[in-house]
Amino acid sequence: MSPGAGNPALSGLPPEEMAALLAPLPAYRARQIRSWISRGAGTFDDMTDLPLSLRAELGKRFTLYAGEVSAGLRDPDGTVKLGITLSDGYCVEAVLLTDGEGRRTACLSTQAGCPMGCVFCKTGALGFHRNLDSSEIASQFFRLREIEGDIANIVFMGMGEPLLNLGELRRAVAALTGGGADFSPRRITVSTSGVVPGIRDLAENGPRLRLALSLTTADEELRRRLMPVTAANPLPAVKEALRRYQERAGRRVTLEMVLLGGINTRPQDAEALAEFARGLDAAVNLIPWNPVEGMRFEGRPLREPDAGEIARLRSRLEKLGLTVTRRFRKGRAIGGACGQLGTLAGGADQALQSRTPVTPQGRPRRVTGQ
Ligand code: SAH
Ligand code: SF4
């Protein structure tokens with residue numbers, strides 16, 4: 001563990017909190033430090049316009065980033081997955097995806113494990129350990145950027161249910177948008193399994209991020225069996241909350257449909273989805289289920305949907321007037337695709353040996369003095 005682990009990590013603090021924590025240092029010092037973080041400083045020693053004595057003092061009281069990168073895997077398709085071990089030993093995962101045009105998207109975790117228990121999701125099978133704090137959330141972004149370079153988008157689609165950790169999510173977003181990275185909220189998406197109080201809170205109190213709902217199926221009875229969250233958050237209430245969010249934030253929402261072979265790809269799933277989407281400004285994103293070994297639904301092993309099944313569902317949805325996109329399958333060889341996160345949680349070393357390790361390509365925004 002590095003010296004200073006367990007001390008507050010400055011990179012994950014909203015600007016005003018960072019300034020308050022650094023008091024009685026003058027405000028311009030906090031600004032200098034934020035500027036170094038946004039340029040990719042790795043340590044306080046990189047901050048060459050701070051007096052040496054101050055750098056040493058800061059190093060004793062604070063860290064820059066939370067957790068240690070304990071594993072890194074690179075998929076042949078370019079996807080990178082990092083395992084980050086937190087100060088109490090839990091491991092969370094962060095993934096970087098690159099699209100056809102070379103734009104990078106960071107997929108960040110908000111909890112260690114997840115309490116929601118969706119039957120098709122590896123993270124759900126791990127159970128819940130704890131919420132991450134804002135530094136543990138934001139630091140995943142900085143670690144990915146250090147390895148790969150500029151990042152265009154952030155999606156909170158890693159481990160955990162972001163809206164059950166909304167306070168820390170907000171602070172992390174404030175740090176990323178207002179301090180360490182100057183990221184635009186328009187390029188940040190939060191994905192929820194459908195936690196109604198969280199969607200309402202976000203609608204009322206912001207920030208105005210892009211919102212995605214992991215709908216999976218709009219057949220309420222089937223959804224209850226696949227996603228236990230449905231019992232306390234019935235779909236009509238979820239829809240009403242989405243409508244409210246849309247009114248407030250003025251944003252199109254994404255309905256994410258993990259396709260489970262032979263389960264939620266039926267004609268009635270297409271019809272129920274069209275009914276759910278009516279009155280919403282929504283786009284549908286089809287995500288063929290990524291295999292997770294040993295996952296079963298009511299006694300039967302889950303399977304991937306076949307090509308014909310996906311094509312039929314897609315054309316039904318389009319005929320019903322829906323806008324449909326299909327997510328790339330990225331990172332499957334390293335367990336870094338949607339719903340596969342959790343493989344590093346118990347065996348980082350073994351995972352590193354058996355796959356291609358990440359070779360850092362140098363710090364992208366080289367720290368260059370002034
Ligand atoms: N907990 C939040 C965000 C993380 S899950 C949520 O559920 O929205 C991110 C996405 O991965 C969700 O859309 C989820 O439905 C999807 N997912 C989970 N397991 C999957 C799997 N095995 N294959 C493909 N997608 C999966
Ligand atoms: Fe949790 Fe999302 Fe996985 Fe469901 S799909 S168990 S909410 S991480």
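Counting starts at 1 for both ligands and their atoms, in listed order. When reading the values below, keep in mind they use all heavy atoms of this one structure, side chains included, and skip hydrogens, waters and symmetry mates. Sequential numbering from 1 along the given sequence is applied to the chain's residues. Keep in mind it's a predicted model, so treat the numbers as computed, not measured.
Ligand 1 places these atoms under 4.0 Å from at least one heavy atom of Gly158: 4 (C). Close approach of ligand 1 to Glu256 (heavy-atom distance below 4.0 Å) involves ligand atoms 13 (O). Under a 4.0 Å criterion applied to the non-hydrogen atoms of Gly160, ligand 1 contributes the atoms 1 (N), 2 (C), 3 (C), 4 (C). Applying the 4.0 Å criterion to heavy atoms of Glu161 picks out, from ligand 1, the atoms 1 (N), 2 (C). Atoms of ligand 2 found under 4.0 Å from any heavy atom of Ser193, numbered from 1 in the order shown, are 7 (S).
Between Tyr90 and His129, the ring-plane angle classifies as parallel under the 30° and 60° cut-offs.
For atom 4 (Fe) of ligand 2, the nearest protein heavy atom (residue, atom name, distance) is Cys118 SG, 2.3 Å. For atom 3 (Fe) of ligand 2, the nearest non-hydrogen atom of the protein is Cys121 SG, 2.4 Å.
For ligand 1, the polar-atom distance check against Trp289 finds a nitrogen or oxygen pair separated by under 3.5 Å. Ligand 1 has a nitrogen or oxygen under 3.5 angstrom from a nitrogen or oxygen of Phe120.
For the 3.5 Å distance criterion, the side chains of Arg223 and Thr230 qualify, holding a donor opposite an acceptor.
The residue from Val258, Thr192, Asn290 that puts a heavy atom closest to atom 15 (O) of ligand 1 is Val258. Nearest-residue assignment for atom 2 (Fe) of ligand 2 (options Gly124, Ser191, Gly160; heavy-atom criterion): Gly160. Nearest to atom 7 (S) of ligand 2 by heavy atom, out of Met116, Glu256, Met157, is Met116. Comparing heavy-atom distances from atom 8 (O) of ligand 1 across Pro288, Ser214, Cys118 singles out Ser214 as nearest. When Ser214, Cys114, Pro228, Gly194 are checked for heavy-atom proximity to atom 8 (S) of ligand 2, Cys114 turns out nearest.
Surrounding CZ of Arg186 are at most 12 heavy atoms belonging to other residues, nucleotides or ligands under 6.0 Å away. In this structure, Glu298 places its CD atom where more than 12 heavy-atom neighbours from other residues, nucleotides or ligands lie under 6.0 Å away.
Residues Phe44 and Phe62 place their aromatic rings such that the two centres sit no closer than 6.0 Å.
Arg244 and Glu240 are not joined by a salt bridge, as no carboxylate oxygen comes within less than 4.0 angstrom of a charged side-chain nitrogen. Salt-bridge check for Arg314 with Glu318: passed, with a basic side-chain N closer than 4.0 Å to an acidic carboxylate O. A salt bridge links Glu275 with Arg278: the closest approach of a Lys/Arg side-chain nitrogen to an acidic carboxylate oxygen falls below 4.0 angstrom.
None of Gln268, Met257, Arg316 except one satisfies the side-chain contact (heavy atoms from CB on, under 4.5 Å) rule with Leu273; the exception is Met257.
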